[in-house]
Amino acid sequence: MTRFRLYLAFFRSTLLISIVCGALFASLTDDFVSSALLFIPTFGLGMDLLYKELTRKEEYFFFYNQGICKAELLTATFAIYALSCIILYQIIRLCVLVWRSTVS
């Protein structure tokens with residue numbers, strides 16, 4: 001249970017930069033919502049990890065001292081992002097389908 005809390009703590013520390021960078025990159029495309037849900041876990045997370053590698057390397061030592069390596073943090077964070085984006089995308093699709101059926 002403690003490991004899961006640590007994964008969530010690291011995930012929460014990546015949210016702001018990942019969402020902002022993913023949304024900015026998605027704004028360059030035609031379909032913002034689908035693109036944002038694709039770019040947040042990929043491009044956004046990559047930009048956040050680049051930021052942390054350049055400015056906040058000491059943060060990894062806390063997790064390493066708890067027995068969690070950097071690869072585990074990255075894998076867990078990507079999995080949480082991917083799962084949450086897939087669920088959010090499915091909810092949005094369902095709402096659009098219901099809205100279209102009630103309008104018609």
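Cluster membership for Phe25 and Leu50, using ILVMFWY side-chain heavy atoms within less than 4.5 angstrom, is shared. Residues Ile91 and Val33 do not share a hydrophobic cluster, clusters being chains of Ile/Leu/Val/Met/Phe/Trp/Tyr side chains in contact below 4.5 Å.
Few gaps surround CZ on Phe32; more than 12 heavy atoms of other groups in view lie less than 6.0 Å from it. In Arg93, the CZ atom is not crowded: 12 or fewer heavy atoms of neighbouring residues, nucleotides or ligands sit closer than 6.0 Å.
Here the CD atom belonging to Glu59 is positioned 11.0 Å from the NZ atom belonging to Lys70, to the nearest 0.5 angstrom. Rounded to the nearest 0.5 angstrom, Cys85 SG and Leu38 CG are separated by 8.5 Å. Between the CD atom of Gln66 and the CZ atom of Phe61 there is a distance of 14.0 Å, given to the nearest 0.5 Å. Distance check: Ser18 OG to Tyr51 OH gives 12.0 Å after rounding to the nearest 0.5 Å. Atom CG of Leu97 and atom CD1 of Ile92 lie 12.0 Å apart (nearest 0.5 Å). Between Tyr89 atom OH and Leu94 atom CG the span is 12.0 Å, to the nearest 0.5 Å.
In terms of heavy atoms, Ala82 sits closest to Pro41 at N-CB, 4.2 Å. Scanning both residues, Asp31 and Ser34, for their nearest heavy atoms gives OD2-OG, 2.7 Å. Residues Ser13 and Arg56 share a closest heavy-atom pair of CB-NH2, 4.3 Å.
Side-chain atoms of Asp48 do not come within 3.5 Å of backbone N or O of Gly44 as any donor-acceptor pair.
Through direct or relayed side-chain contacts under 4.5 Å between Ile, Leu, Val, Met, Phe, Trp and Tyr, Leu8 connects to Phe4, Leu6, Tyr7, Phe10, Phe11, Leu15, Ile19, Ile40, Leu45, Leu49, Tyr60, Phe62, Phe63, Ile68, Leu73, Leu74, Phe78, Ile80, Tyr81.
Using a 4.5 Å heavy-atom threshold, the side chains of Lys52 and Thr14 count as touching.
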